[in-house]
Amino acid sequence: YTASSELLPLLAAGSIPLVKVEKIVQSIDTSSLTIDNSVTLSSPVSTLSFSASASFEVRTPSRIQVEFKQGTFKPPEIKSSIDLPESINIFGQNISLSSVQQYMSPLENAVEGLARTISGQPSLKIPIPGEGTKSWLLTTYLDKDFRISRGDGGLFVLVKEGSPLLDM
């Protein structure tokens, strides 16, 4: 399932020129009683992914107690070439990037070297300490494509990955 009110600042990143929110996903594993919330952002140079992992305990058929355990930052995936759009919109002004395109070759060489350095590096895992890591989640509606939940973090409306609702 995907969506989270805590990620609204990241969704706003979608309005930052050259930064795009590629994916926001919440995966729930009922066999290991874990939840993984992940986000992938992309730019013309790289793709960056990070996540927060939690364990949960079933309190009732519709309510769970959640405790976030760690954040994970994956090394950026550096793209093989810089993919600049022809123009970007900044504060309502459409700015052409065609003059910047001519300077891309030296920058692409530098990016290629950076990609070789970063490639294969392990993810950075950071424990999430404190009482703020505990939360609860009450599912108020659930079907094969759609979930509505409430928690101490707000109201969450989520759509299952692969659902035809995402095509609308």
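Bear in mind that the values here come from a model prediction, so they are computed numbers and not experimental data.
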*Asks:* Under the rule for side chain to side chain donor-acceptor pair (under 3.5 Å), what residues qualify as partners of Gln70, not counting sequence neighbours?
*Replies:*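 Applying side chain to side chain donor-acceptor pair (under 3.5 Å) to Gln70 gives none.
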
*Asks:* Please list, chain by chain and in numerical order, all residues satisfying side-chain contact (heavy atoms from CB on, under 4.5 Å) with Ile126, sequence neighbours excluded.
*Replies:*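 Here the qualifying residues are Phe73, Leu124.
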
*Asks:* In this structure, which one of Thr140, Val157, Ile28, Val159 forms a side chain to side chain contact (heavy atoms under 4.5 Å, CB included) with Arg147?
*Replies:*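 Among the candidates, only Ile28 passes.
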
*Asks:* Indicate the atoms forming the closest heavy-atom contact of Phe56 with Thr34, along with that distance.
*Replies:* CE2-N, 3.4 Å

*Asks:* In chain order, what residues pass the side-chain contact (heavy atoms from CB on, under 4.5 Å) check against Ser123, with sequence neighbours excluded?
*Replies:*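 Counting only residues at least two positions away or on another chain, Ser123 forms a side-chain contact (heavy atoms from CB on, under 4.5 Å) with Thr72, Lys74, Pro75.
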
*Asks:* Which residues pass the side chain to side chain donor-acceptor pair (under 3.5 Å) test with Ser163, sequence neighbours left out?
*Replies:* Asp145

*Asks:* Applying salt bridge (Lys or Arg N to Asp or Glu O under 4.0 Å), which residue pairs with at least one partner in residues 37-62 are found, sequence neighbours left out?
*Replies:*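 Qualifying pairs, neighbours excluded: Glu57-Arg59.
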
*Asks:* Closest approach of Leu137 and Ser149, non-hydrogen atoms and distance?
*Replies:* CD1-CB, 3.6 Å

*Asks:* As an exercise, state the distance from OG of Ser135 to CD of Gln65, rounded to the nearest 0.5 Å.
*Replies:*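 So the gap between those two atoms works out to 7.0 Å.
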
*Asks:* Taking only residues two or more places apart in sequence or in another chain, which ones pass side chain to side chain donor-acceptor pair (under 3.5 Å) with Thr60?
*Replies:*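 For Thr60 there are no side chain to side chain donor-acceptor pair (under 3.5 Å) partners, ignoring immediate neighbours.
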
*Asks:* To the nearest 0.5 Å, how far apart are CG in Leu158 and CG in Leu165?
*Replies:*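 It is 12.0 Å, given to the nearest 0.5 Å.
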
*Asks:* For Lys134, give me all partners under salt bridge (charged side-chain N to carboxylate O under 4.0 Å, His left out), at least two apart in sequence or on another chain.
*Replies:* Glu131

*Asks:* Can you name the residues that form a salt bridge (charged side-chain N to carboxylate O under 4.0 Å, His left out) with Glu77, not counting sequence neighbours?
*Replies:* none

*Asks:* Testing the basics here: between Trp136 and Arg150, what is the closest heavy-atom pair and its distance to 0.1 Å?
*Replies:*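 Closest heavy-atom pair between Trp136 and Arg150: CZ3-O, 3.5 Å.
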
*Asks:* Can you name the residues that form a side chain to side chain donor-acceptor pair (under 3.5 Å) with Asn94, not counting sequence neighbours?
*Replies:*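 Partners of Asn94 under the side chain to side chain donor-acceptor pair (under 3.5 Å) test: Ser87.
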
*Asks:* Can you list every pair that meets salt bridge (Lys or Arg N to Asp or Glu O under 4.0 Å) and has a residue in residues 27-56, with sequence neighbours left out?
*Replies:*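 Passing the test, one end in residues 27-56: no pairs.
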
*Asks:* State plainly whether one hydrophobic cluster holds both Leu138 and Phe146, where clusters connect Ile, Leu, Val, Met, Phe, Trp and Tyr through side-chain heavy atoms under 4.5 angstrom apart.
*Replies:*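 Hydrophobic grouping puts Leu138 apart from Phe146.
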
*Asks:* For residues 42-52, which residue pairs pass the side-chain hydrogen bond (donor to acceptor under 3.5 Å, both in side chains) check, not counting sequence neighbours?
*Replies:*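 Residue pairs passing side-chain hydrogen bond (donor to acceptor under 3.5 Å, both in side chains), neighbours aside: Glu22-Ser42, Thr40-Ser49.
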
*Asks:* Show your working on side chain to side chain contact (heavy atoms under 4.5 Å, CB included) between Phe68 and Ile35 and close with a plain yes or no.
*Replies:* CA-CA 9 Å; Phe68 286 91; Ile35 298 173; 5.7 Å; no

